[in-house]
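Below, each value reflects all heavy atoms present in this structure, side chains not excepted, and no hydrogens, waters or symmetry copies.
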Amino acid sequence: MPTPSTSRPPHRRLRTAVLTTVALLATVAVSACGGPADAGGSKGKLRVGYQRFGGLSLVKARGAAPDVQWSLFESGPALTEALKAGSIDIGQVGEAPPVFAAAGKIPFSIIGTSAPIPQGEAVLVKADRGYRSFADLRGRTVALNKGSNVHWLLVRLLEANNMTLKDIQVKYLKPAEGRPAFDGGQIDAWVIWDPYFALAEQPGVQVLADATGLASNREYVLAAPQAVDKRSDEIRAFLQRYREVTDWGIAHPEERASTLAPELKIPQDVTSRALARSAKPLAPVSPAIGDELQAITDSFIALELIPGPVDLRARVDDRFSAVFQ
């Protein structure tokens, strides 16, 4: 009798080959897109996330870091999601995004900060509405970007006016959604940061309050832990350029505005107004910075806006602080 064949039928061999090829292509695609396969690795350019107007925008506009890969984000929460996905190595956000990101179990280290910027965020209302203080917004609709720096400002304003979240109607809108809602009268107040703040300062718009005496509104530099460990020299060199460009901009405000306005695609006079109040020196992280962030975190937990416990102090990494001294 003939020996039975142990080979697979031709159609099964073909199917196996096709599936193997697809799997290999998928692996290559994930790696090429900067996904988890190479997150924090030593190959390729340092991947930097930035927001419109933040200090990193000036670095990009001046071409001061040609050896990095830039990714633009509309807000801090979107940037921290990119850290979670492993698609960036380092980025810059406001003071609330690290809190929400830590609560969401996103891995990151806090490696730098800035001087306080309380005038860089504000509550805007229409002047003809007759609101004279934040307390007048009781029962009104207040819009903001959830998890951004202005979220902490809202909490502090409520505390300062003996109010709670139940005393207002909160509407979570991204900046691109907030402006038309504000202009169209669909909301009573908009809590927003520069440069969107400066862009909205039109005739008939009133600044009801800013963060002075309430919130620091610092910038924070976040980095993926793997990048901090494996690409520390590249990060240090990039932070040095970041600091140099920031210092140059503070010393040359007119040139800074003319350089940044085309990058932001907004008028130079608006850029100048926003920069005059919102461009501050970079600063090293310290235990005091950890305490400041932990206080914000504990307040959000108490309000049940995030689940606890969350240890922000443990996220502070001062190994690059010499760059900011």
Side-chain angles (χ1 to χ4, degrees), residues 27-51 54-73 75-95 97-102 104-114 218-248 263 281-287 289-290 293 311-325:
T27 301
V28 172
V30 169
S31 180
C33 289
D38 68 344
S42 57
K43 294 183 179 180
K45 294 182 176 181
L46 188 70
R47 301 165 302 167
V48 180
Y50 74 106
Q51 299 181 60
L56 291 178
S57 288
L58 186 59
V59 178
K60 181 178 181 295
R62 293 202 78 202
D67 52 344
V68 307
Q69 176 182 312
W70 296 96
S71 295
L72 176 63
F73 297 92
S75 66
L79 190 148
T80 59
E81 281 299 312
L83 277 172
K84 178 181 180 179
S87 57
I88 60 172
D89 300 309
I90 187 171
Q92 165 250 337
V93 299
E95 59 194 351
V99 173
F100 280 78
K105 310 300 182 184
I106 296 175
F108 65 87
S109 298
I110 304 166
I111 62 173
T113 185
S114 73
R218 299 178 191 271
E219 291 184 358
Y220 287 94
V221 183
L222 309 184
Q226 285 186 313
V228 170
D229 291 336
K230 297 180 180 179
R231 311 186 71 163
S232 59
D233 290 343
E234 293 170 78
I235 289 176
R236 186 173 288 103
F238 176 76
L239 293 177
Q240 182 63 43
R241 278 174 279 176
Y242 183 13
R243 188 218 167 138
E244 290 169 356
V245 170
T246 300
D247 291 347
W248 171 87
E263 175 72 23
L282 295 172
V285 293
S286 65
I289 292 296
L293 281 170
D311 186 359
L312 256 288
R313 293 186 182 92
R315 303 292 188 115
V316 174
D317 187 332
D318 65 357
R319 75 181 76 182
F320 301 102
S321 289
V323 174
F324 304 120
Q325 297 291 353

Take Trp70 and Val59 through the side-chain contact (heavy atoms from CB on, under 4.5 Å) test and state the conclusion after the steps. CA-CA 10 Å; Trp70 296 96; Val59 178; 3.9 Å; yes
With side-chain contact (heavy atoms from CB on, under 4.5 Å) as the criterion, how do Phe73 and Val93 come out once you've worked through the C-alpha distance, each side chain's angles and the decisive distance to 0.1 Å? CA-CA 10 Å; Phe73 297 92; Val93 299; over 6 Å; no
Got a second to check how far Phe238's CZ is from Leu56's CG, nearest 0.5 Å? 5.0 Å
Salt bridge or not between Arg319 and Asp229? Use side-chain N to carboxylate O under 4.0 Å. yes
Before you tell me yes or no, could you show the steps for Val221 and Val285 under side-chain contact (heavy atoms from CB on, under 4.5 Å), namely the whole-Å CA-CA distance, both residues' side-chain angles and the distance that decides it to 0.1 Å? CA-CA 10 Å; Val221 183; Val285 293; over 6 Å; no
I'd like to know if the side chain of Glu263 and the backbone of Leu58 have a donor-acceptor N/O pair within less than 3.5 Å. no
Approximate separation, where rounding is to 0.5 Å, of Asp67 CG and Leu46 CG: 8.0 Å
Measuring only between side-chain heavy atoms, which start at C-beta, is Pro284 closer than 4.5 Å to Gln325? yes
d(Gln51 CD, Ser57 OG) to nearest 0.5 Å is 8.5 Å
Any idea which heavy atoms bring Arg241 and Ala65 closest together, and the distance? NH1-CA, 3.6 Å
Leu222 and side chain to side chain contact (heavy atoms under 4.5 Å, CB included): which single residue from Ile106, Ile90, Thr80 fits? Thr80
Working to the nearest 0.5 Å, report the span between CD1 of Ile88 and CD of Glu81. 10.5 Å
Nearest non-hydrogen partners of Leu282 and Arg243, listed with the distance: CD1-CA, 3.7 Å
Provide the closest heavy-atom pair for Arg231 versus Asp89 in the form atom of the first, atom of the second, distance. NH1-OD2, 3.6 Å
Could you tell me the separation between the CD1 atom of Ile111 and the CG atom of Asp318, rounded to the nearest 0.5 Å? 11.5 Å
Exercise: identify the closest heavy-atom pair between Ala102 and Leu312: CB-CD2, 3.6 Å
Please report the shortest heavy-atom distance between Val68 and Val48, naming the atom on each side. CB-CG2, 4.0 Å
Interatomic distance, CG@Leu239 vs CD@Glu234, rounded to 0.5 Å, equals 11.5 Å
Any side-chain heavy-atom pair of Ser232 and Phe320 under 4.5 Å: yes
In short, Leu83 meets Ala223 closest at the heavy-atom pair CD2-C, 4.4 Å
Step by step, would you call Tyr220 with Ile289 a side-chain contact (heavy atoms from CB on, under 4.5 Å)? CA-CA 10 Å; Tyr220 287 94; Ile289 292 296; 3.6 Å; yes
